[in-house]
Amino acid sequence: MNHIRTRRTVAVAALLLPLAACSSSATGADDGKGGGATGDDRPVSVTVTPHGEDVEAGQPVQVKVAGGTLTSVTVTDADGAVLDGELDADGTGWTSQRKAVPGASYTITAVTASPAGREKTVKSAFTTAEADQVNKVDWRPGADTTVGVAQPISLVFDHPVTDKAAVERQLKVTTSNGTEGSWAWLEDYTGRDRIDWRPKEYFKPGTEVTLTAELNGTDSGDGGWFVRDYTTSFTVGSRQIVQVDLDRKQLTLVRDGQRVRTIPVSGGTPGGVKRSWGGTAVLMSKEGTINMNSETVGLGTTYDKMVDYSMRLTWSGMYAHAAPWNKKVMGKVNKSSGCIGMSNADAAWFYAQVRPGDPFEITGEDTKGLVAPGNGFGAWNLSWADWQQRSALH
């Protein structure tokens, strides 16, 4: 009797050793009557991976049991946060839903049951190596905003993403009405890697959209590790479409299918680098009064002035804005350096009507071509089939 109890005590002590417990077994039995292990109380062994110190991040935690089943598994980090997971159908394995993140320590507590119903508790621990390089994300739109019907979700990465599929798998978009959409990888105007999500067609007004980017612990490849998650939620406002006809030199605001107002404008000067971009540009931001300097867009010393009611349409510098210096040619001649200019009064009215995410559908015989997908939000200048082809998971 004492011999059996001594063996059992040693086995339990071994299970409680943090690192040795990654592959340990419980043997022996004590039924109060003496005797050894029976056929219904075979040794139970538990294996936990990963284990040790400074292990590579980016892998799930797995717990396997032989000779019994898992009753429960709890994995916590140093801050007490729980890493959720799921038991296998037969109760012999458990896998975390998320991956271990860089520079973290984890404690695993597993409760097992032998065929005879005896429970044992196994503890293990491991730490992950710090990230050699951290990849960060700049995303749009911001949280709790109301946007126009053409607004995409856009994530721009600090460093190159060479494992695009691994990153895209961690991105989830949910909408209140099951809107169909797709991710597409782009080159941002800055040259950085970028991924945008747009619906197949313009959003329906009132759609609620949430992005959940569970990137913490994901390896982006050459660009390094992500060490946090990102989330944003926004609501789609009324259906506003801005129709810009550069041949007629006019702009029309259409809201919910009804024409609200048409105003005279002057677009980019034909026949050269000052032409306006065509296709669909999406209003990126309303920037108010800003300094516009031609040298920043490669046009030499053509202009350097403060401009009111500035509404950005591309990263390359195309805006809609007040242009009182061109008032005499509004509605008659395209004579700007590429922007869509209007009178002060019309610009003030128009600025108050539009919101980021509203599409500007720009037509005209003499434009510089379509706005590129990465030059602002030019997603709508690709067909739906071409857009889907840019997904790493297509």
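Positions are given from 1, in the same order as the sequence printed here.
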(request) Indicate whether any N or O donor in one side chain lies under 3.5 Å from an N or O acceptor in the other, for Ser220 and Asp163. (result) no

(request) Could you please spell out the steps behind the salt bridge (Lys or Arg N to Asp or Glu O under 4.0 Å) verdict for Asp346 and Arg261? (result) CA-CA 10 Å; Asp346 286 338; Arg261 184 172 169 180; 2.9 Å; yes

(message) With ring-ring contact (aromatic ring centres under 6.0 Å, His included) as the test, pick out the partner of Phe157 among Trp139, Tyr230, Trp185.
(response) Trp185

(request) Output yes when Arg194 and Asp188 qualify as a salt bridge under the 4.0 Å nitrogen-oxygen rule, no when they do not. (result) yes

(request) Please check if any side-chain donor atom of Thr109 sits under 3.5 Å from a side-chain acceptor atom of Lys123, or the reverse. (result) yes

(message) Do Leu246 and Ser276 make a side-chain contact, defined as non-hydrogen atoms from C-beta onward lying under 4.5 Å apart?
(response) yes

(request) Run the numbers on Leu215 and Leu171 for side chain to side chain contact (heavy atoms under 4.5 Å, CB included), then give the verdict. (result) CA-CA 8 Å; Leu215 291 172; Leu171 308 178; 4.2 Å; yes

(message) Any heavy-atom pair between the side chains of Val333 and Lys249 that's under 4.5 Å?
(response) no

(request) Could you check if a side-chain atom of Asp193 sits within less than 4.5 angstrom of a side-chain atom of Lys164, using non-hydrogen atoms only? (result) yes

(message) Out of the candidates Asp88, Val65, Val75, only one should pair with Trp94 under the side chain to side chain contact (heavy atoms under 4.5 Å, CB included) rule; please name it.
(response) Val75

(message) I want to know whether Trp380 and Phe360 have ring centres closer than 6.0 Å.
(response) no

(request) Using a cut-off of 6.0 Å, state whether more than 12 heavy atoms not belonging to Asn291 lie near its atom CG. (result) yes

(message) Less than 4.0 angstrom from a charged side-chain N to a carboxylate O is my criterion; do Arg390 and Asp196 meet it?
(response) no

(message) With a 4.0 Å cut-off on N to O distance, would you call Arg275 and Asp366 a salt bridge?
(response) yes

(message) Do Lys305 and Trp325 form a cation-pi contact, if we require the NZ or CZ to be under 6.0 Å from the six-membered ring centre and within 45 degrees of the ring's axis?
(response) yes

(message) If hydrophobic clusters are built from ILVMFWY residues whose side chains come within less than 4.5 Å, do Val282 and Leu211 share one?
(response) yes

(message) Atom CZ of residue position Arg248 - does it have more than 12 heavy atoms of other residues, nucleotides or ligands inside 6.0 Å?
(response) no

(message) With a 4.5 Å cut-off on side-chain heavy atoms, are Val242 and Gln240 touching?
(response) no

(message) Less than 4.0 angstrom from a charged side-chain N to a carboxylate O is my criterion; do Asp84 and Arg98 meet it?
(response) no

(request) Decide yes or no for Phe377 and Thr314: does some side-chain heavy atom of the first lie under 4.5 Å from some side-chain heavy atom of the second? (result) no

(message) Distance alone, cut at 3.5 Å: any donor-acceptor contact between the side chains of Glu208 and Ser233?
(response) no

(message) So Tyr106 and Pro50, do their side chains get closer than 4.5 Å, heavy atoms only?
(response) no

(request) Let me see the working for Arg255 and Arg239 under side chain to side chain contact (heavy atoms under 4.5 Å, CB included), right down to the final yes or no. (result) CA-CA 6 Å; Arg255 181 181 297 138; Arg239 182 181 175 87; over 6 Å; no

(message) Just so I know, are the side chains of Val254 and Thr252 near enough to count as touching, which here means a heavy-atom distance under 4.5 Å?
(response) yes

(message) I'd like to check Val61 versus Thr95 (side-chain heavy atoms, cut-off strictly below 4.5 Å). Are they in contact?
(response) no

(request) Determine whether more than 12 heavy atoms belonging to other residues, nucleotides or ligands lie under 6.0 Å from atom NZ of Lys136. (result) no

(message) Please tell me whether Trp315 and Ile153 are part of a single hydrophobic cluster in this structure, the criterion being side-chain heavy atoms less than 4.5 Å apart.
(response) yes

(request) Let me see the working for Trp183 and Gln388 under side chain to side chain contact (heavy atoms under 4.5 Å, CB included), right down to the final yes or no. (result) CA-CA 7 Å; Trp183 290 102; Gln388 290 178 298; over 6 Å; no

